[in-house]
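Working notes, beginning with the structure itself.
Heads up: numbering here begins at 1 and tracks the sequence.
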Amino acid sequence: MASQTDKSLLSAELEEEDEEEFRQLLLQATQKIQSAMPSVPDSKPIQPQPGFCIKTHTGSQEKVFVNICRSQHIPPPPDLSRQELECLIESDSASSFRIPMSLGEPHTELDNSGNGCTAYDVVINASFFSKLEADPFFKEFFITVALEGLADKYKMEINHPGTAQPRAGLAGGCEWRILKNRKFMGSISEQTIRTKSRPVIQEMDVSSPLVPKFTILAKPVKAYPEFLLAEIHLPKVGSARELSLELGQDRIVLRAGPGLYLLDIYIPHDIAPERSHARFHRGTAVLTVKMPVQPQLGPP
């Protein structure tokens, strides 16, 4: 697990042709800086509670987990009986029925085999969640709506079962199953929801920055590494002043904003944040972070 992250601000910005050595990150995360951050108007943070976890795949067979969470701060949908819902589904007005939900941003996790996967947090009203648990028909309908909402919001292609037989159910043509022994994948993060309602649109307004493309290389490759080198591609960023970088003992958190990018990942070795360096090339819009690795304890 990571220790509490050390917040860092990029000290300067280097042009692509500049051969100057990496400039050291300024480690100055203080409560004064935090208190100076502007608050989001008409919104508030919530901490969702775990419910159940869905496993599915993308069209390219990458694992996707959806943590269905609950909170009293999310408004409930209209109260329908099962018969009313069945009639609604069969009618031409099914698409007009909205379930208020907060679709959280994707976060990278490790599955039981130690392989990388993507998880999403979907938050619904706590009372409505209890209704789902009591009625499998409502539950399957909700899962259909939630997966279609994620696919639409994040332009994510959910796979089709093809010749394989689904192990649990089909939502919008995709195969999924509810995990029996765990209520969520990874961790459930705090979300920010809008406190003022909007007409027609019933999905809660949650910031959804993009996860940037990145690579992390260990140097040297064939031995215990001396340092890690991360390259993070930020094509929508024009200046280092738009970036906020935090380094923990085994964690990288990068924000580019407002609301452009968010990268929050764990790294495979403990690093020394206070000796790390970074530079941002405006020409390529690539942030490079050089992170010395802590010495190996004991025999290799």
Side-chain angles (χ1 to χ4, degrees), residues 1-6 47-69 103-123 143 146-147 150-151 153-154 156-159 167-168 174-191 208-219 221-225 227-233 245-255 261-273 276 287 289 291-294 296-298 300:
M1 294 298 292
S3 60
Q4 184 174 359
T5 56
D6 295 318
Q47 181 58 58
Q49 299 301 309
F52 59 86
C53 182
I54 301 169
K55 178 183 177 181
T56 183
H57 294 81
T58 65
S60 57
Q61 293 302 305
E62 296 176 348
K63 290 182 182 179
V64 173
F65 294 87
V66 182
N67 298 321
I68 305 300
C69 312
L103 303 180
E105 61 205 22
H107 48 98
T108 304
E109 304 293 349
L110 295 177
D111 63 13
N112 290 336
S113 302
N115 299 318
C117 61
T118 303
Y120 298 82
D121 300 337
V122 176
V123 191
I143 292 175
L147 293 182
L150 286 171
K153 182 170 184 176
Y154 294 107
M156 176 176 57
E157 181 184 357
I158 300 293
N159 74 336
R167 286 176 288 179
C174 76
E175 180 184 358
W176 55 266
R177 69 184 179 93
I178 297 175
L179 302 184
K180 294 182 178 180
N181 298 322
R182 63 189 312 165
K183 294 184 177 181
F184 59 92
M185 172 61 68
S187 60
I188 299 175
S189 301
E190 182 178 88
Q191 292 193 17
S208 54
L210 299 174
V211 177
K213 294 182 179 180
F214 68 94
T215 58
I216 299 180
L217 301 177
K219 300 292 183 74
V221 177
K222 296 184 179 181
Y224 188 79
F227 63 89
L228 302 179
L229 192 65
E231 290 188 351
I232 306 171
H233 297 261
L245 180 64
E246 306 173 15
L247 296 179
Q249 186 178 5
D250 60 352
R251 186 181 182 188
I252 300 175
V253 180
L254 173 69
R255 294 179 176 86
Y261 296 102
L262 174 63
L263 181 66
D264 187 348
I265 57 173
Y266 289 95
I267 48 183
H269 296 282
D270 289 346
I271 62 168
S276 299
L287 175 69
V289 186
M291 300 165 286
V293 174
Q294 299 282 12
Q296 187 176 22
L297 299 178

Where the side chain of [X] meets the backbone of [Y], is there a donor-acceptor pair that is under 3.5 Å apart?
| X | Y | value |
| --- | --- | --- |
| Gln47 | Ile188 | yes |
| Thr108 | Thr118 | no |
| Asp121 | Asn67 | no |

> Does the side chain to side chain contact (heavy atoms under 4.5 Å, CB included) test come out yes or no for Leu245 and Ile252, once each step is laid out?
Replying inline: CA-CA 8 Å; Leu245 180 64; Ile252 300 175; 4.1 Å; yes
Rounded to the nearest 0.5 Å, what separates atom [atom1] in [X] from atom [atom2] in [Y]?
| X | Y | atom1 | atom2 | answer |
| --- | --- | --- | --- | --- |
| Glu105 | His107 | CD | NE2 | 8.5 Å |
| Asp250 | Ile265 | CG | CD1 | 10.5 Å |
| Asn112 | Arg182 | CG | CZ | 5.0 Å |
| Leu228 | Leu217 | CG | CG | 9.0 Å |
| Cys53 | Lys180 | SG | NZ | 14.5 Å |
| Leu110 | Met185 | CG | CE | 9.0 Å |

> For the residue pair Tyr120 and Tyr154, does the interplanar ring angle fall in the parallel (under 30°), tilted (30 to 60°) or perpendicular (over 60°) class?
Replying inline: tilted
Do the non-hydrogen side-chain atoms of [X] and [Y] ever get within less than 4.5 Å of each other?
| X | Y | value |
| --- | --- | --- |
| Cys69 | Pro50 | no |
| Lys63 | His57 | yes |
| Cys117 | Glu109 | yes |
| Met291 | Phe227 | no |

> Passes side chain to side chain contact (heavy atoms under 4.5 Å, CB included), Tyr261 versus Ile232? Steps please.
Replying inline: CA-CA 11 Å; Tyr261 296 102; Ile232 306 171; over 6 Å; no
So, for [X] and [Y], which heavy atoms are closest and what is the spacing to 0.1 Å?
| X | Y | result |
| --- | --- | --- |
| Leu103 | Lys153 | O-NZ, 3.4 Å |
| Tyr224 | Gln294 | OH-O, 3.2 Å |
| Ser189 | Pro48 | O-CD, 3.5 Å |

>> Apply side chain to side chain contact (heavy atoms under 4.5 Å, CB included) to residues Ile178 and Ile143 and explain how you reach the verdict.
In response: CA-CA 10 Å; Ile178 297 175; Ile143 292 175; 4.1 Å; yes
> Can we say Asp264 and Arg251 salt-bridge, meaning some charged N sits less than 4.0 Å from an Asp/Glu carboxylate O?
Replying inline: yes
> Would Arg255 and Glu246 satisfy side chain to side chain contact (heavy atoms under 4.5 Å, CB included), going step by step from the backbone distance to the final call?
Replying inline: CA-CA 9 Å; Arg255 294 179 176 86; Glu246 306 173 15; 2.7 Å; yes
